[in-house]
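Everything on this sheet refers to the single structure shown next.
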Amino acid sequence: MLQRSVMARMFVMGLLLLVLMIPLAMTHGVIEERAGRRDEVAREISRTWGERQTLVGPVVSVPYRYVVREEDPGRVSREVTRTGHLVLLPEALAVSGRLDPEARMRGPFSTTVYTAHLVLRGRFGAPDITPVTRPDATIAWGEATMNLGVSDPKGIASGLRVVWNGHDAPITPGVEETGLFTAGVQARAVPLAPGAAATFEISLDLRGTLGIGVVPTGNETTLNLMSAWPHPGFSGGQLPVRHRVGDDGFAATWQSAWFARGFPAAYVLGDIDARTLTARAEAAAIGVDLVQPVDVYHQAERAVKYAALFIVLTLAVAFVREITSGGRVHPVQYLFVGFGLCLFYLLLVSLAEHIRFDVAYLVASTATMLLLAWYWSGVLRGWRQGLSMGVALTTLYGYLYLLLRLEDMALVAGAAGLFVMLAIVMAMTRHVDWFGLRLVAPLQDSAQEGR
């Protein structure tokens, strides 16, 4: 009955397709496991080299003291001196830098790290003391500190230098609490006087992974970044006003005004919730990510999503060749063809970890096509049948490669390709007598001559 009934054979092929979902699911699990291992390696490298960096500042913190009267448990009134902090942001800030990227390997996995050579220049205007509302407050101008927020301070390389009003300022690790950041470096006792402006220049080399961001703390902030990395991903609250991207790298310029950052130029610590300040600073950050142009595991995962469709198409082509050639193919032979198709995806991932994805795809698809064409020619006992299988697989793998490359147009290309394939199958089978499983005139004689 299996040899004579078309419906029975199609039912068996449907069961075979369900069986083939098992190796496909296992292949998908391997891809997820390798991608997870890759991400773990990236985290390990970033922990030792430097995480994705975000710069905030510089910000000046000025302590002030005032006296309050309190009662102790014995109802004895006494005066207590309290300390507050006035936080001042720069009037103008210009950040310029160059990112030198490099790949760090661990086994077959790699991640992109960089060293950023940065210079921050700007000025603080005459200090605005209006947020200090206590009339009896005494501002300690001589104890002002300049703080620079760095999200991962271990990425700060040697050569950090701070120039304040034309003079070098000593630098120490740690920062005063400002509400905007919790890690970085500071320069203590920077000269600051009421009614007087101050200039600064900070030079530092900063190591990080994958990307860098800058919070525009100035009333007017300009950021200029350049790098030899040809695949930038501009990120953050604002896009660059000018940029150039080419094979030799990129250059970009951002400009941001004070109203885009979401917090005032001067405030008293505690008047604004620290979590609100931190969230607004993170939202206002501008910068760039060093994007990997070809994610091997992402491409492989997309390919596996099309796997069921391509197995169906391949088995359909094989079934059509079977009924038009007059041969008979056992379900086990179809199962071997399906296993060969599933193995392609595992070959693709394993090769792409060591060579370029395009080359890996070419090698894996060619090997699979040759194997199945050779096998099919033996099953149907004719080199023409094997050649037709090879042509069909070449077309299908070329179509899959097109879908993987045309991410934005993948839906259009996929729908058009399926329409064309359906039309071809319909044209090949329009004269098939499905009840008798034989060709009817006029194609019957020409098919016999072709054999």
For this output row, return yes or no: ring centroids of [X] and [Y] closer than 6.0 angstrom.
X	Y	value
Y401	F357	no
W49	Y114	no
F250	H243	no

For this session: Decide side-chain contact (heavy atoms from CB on, under 4.5 Å) for L93 and V95; before the verdict, give the C-alpha distance in whole Å, the side-chain angles of both, and the deciding distance to 0.1 Å.
Result: CA-CA 7 Å; L93 173 63; V95 182; 4.0 Å; yes
Exercise. Do other residues, nucleotides or ligands put more than 12 heavy atoms under 6.0 Å from E44 CD?
Worked result: yes
Exercise. When you look at OH of Y375, are more than 12 heavy atoms from neighbouring residues, nucleotides or ligands closer to it than 6.0 Å?
Worked result: yes
Is the shortest heavy-atom distance from the side chain of [X] to the side chain of [Y] under 4.5 Å?
X	Y	value
V87	V268	no
T209	E51	no
L89	N219	no
T182	V175	no
V245	P230	no
E353	L351	no
I212	L225	yes
L210	V113	no

Non-hydrogen atoms of [X] and [Y] that approach each other most closely:
X	Y	result
G97	L118	CA-CD2, 3.7 Å
S151	Q53	OG-OE1, 3.2 Å
Q186	G174	CG-O, 3.2 Å
G179	T278	O-OG1, 3.1 Å
A364	L348	CB-N, 4.0 Å
S227	L99	OG-O, 2.8 Å

Exercise. Can you list the steps and then say if L206 with I156 is a side-chain contact (heavy atoms from CB on, under 4.5 Å)?
Worked result: CA-CA 5 Å; L206 187 63; I156 301 175; 3.8 Å; yes
Problem set entry | Under the side chain to side chain contact (heavy atoms under 4.5 Å, CB included) test, residues paired with I286 that sit two or more places apart | L223, Q238, W254
Exercise. Can you check side-chain contact (heavy atoms from CB on, under 4.5 Å) on L120 and L148, steps first, answer last?
Worked result: CA-CA 10 Å; L120 294 77; L148 177 65; 4.1 Å; yes
Atom pair [atom1]/[atom2] of [X] and [Y] - distance to nearest 0.5 Å:
X	Y	atom1	atom2	answer
L387	S377	CG	OG	10.0 Å
R121	I202	CZ	CD1	11.0 Å
L393	Y399	CG	OH	15.5 Å
Q255	T221	CD	OG1	10.0 Å
L346	H28	CG	NE2	13.5 Å
Y361	I355	OH	CD1	14.0 Å

Exercise. Has the side chain of T368 got a donor or acceptor atom that lies under 3.5 Å from a matching backbone atom of S365?
Worked result: no
For this session: Answer yes or no: is there a donor N or O on one side and an acceptor on the other, between the side chain of S350 and the main chain of L347, under 3.5 Å?
Result: yes
For this session: Classify the ring geometry between W229 and H231 as parallel (under 30°), tilted (30 to 60°) or perpendicular (over 60°).
Result: perpendicular
Exercise. Step by step, would you call D205 with R207 a salt bridge (Lys or Arg N to Asp or Glu O under 4.0 Å)?
Worked result: CA-CA 7 Å; D205 292 340; R207 296 192 299 264; over 6 Å; no
Exercise. Checking side-chain contact (heavy atoms from CB on, under 4.5 Å) against F344, which of T27, L372, L400 comes through?
Worked result: L400
Problem set entry | Qualifying residue, where the test is side-chain contact (heavy atoms from CB on, under 4.5 Å) with F181 and the options are T54, V215, V150, V59 | V59
Problem set entry | Donor + acceptor pair across side chains of N224, T253 (<3.5 Å) | yes
For this session: Indicate whether the side chain of Y297 and that of E33 have a donor and an acceptor atom separated by less than 3.5 Å.
Result: no
For this session: Provide the full list of salt bridge (charged side-chain N to carboxylate O under 4.0 Å, His left out) pairs with a residue in residues 244-260, sequence neighbours left out, each pair given once.
Result: R244-D248
Problem set entry | Derivation and outcome, salt bridge (Lys or Arg N to Asp or Glu O under 4.0 Å), residues R104 and E102 | CA-CA 7 Å; R104 288 298 174 103; E102 61 178 296; 3.2 Å; yes
Problem set entry | Presence of salt bridge, R52 and D289, under 4.0 angstrom | yes
Exercise. Any ion pair linking R37 and E40 (charged N to carboxylate O, less than 4.0 Å)?
Worked result: yes
Problem set entry | V304/I31 under side-chain contact (heavy atoms from CB on, under 4.5 Å): CA gap, chis, key distance, verdict | CA-CA 9 Å; V304 171; I31 294 174; 3.5 Å; yes
Problem set entry | Residue pair T145, E176: steps toward the side-chain hydrogen bond (donor to acceptor under 3.5 Å, both in side chains) verdict | CA-CA 8 Å; T145 61; E176 293 285 347; 4.6 Å; no
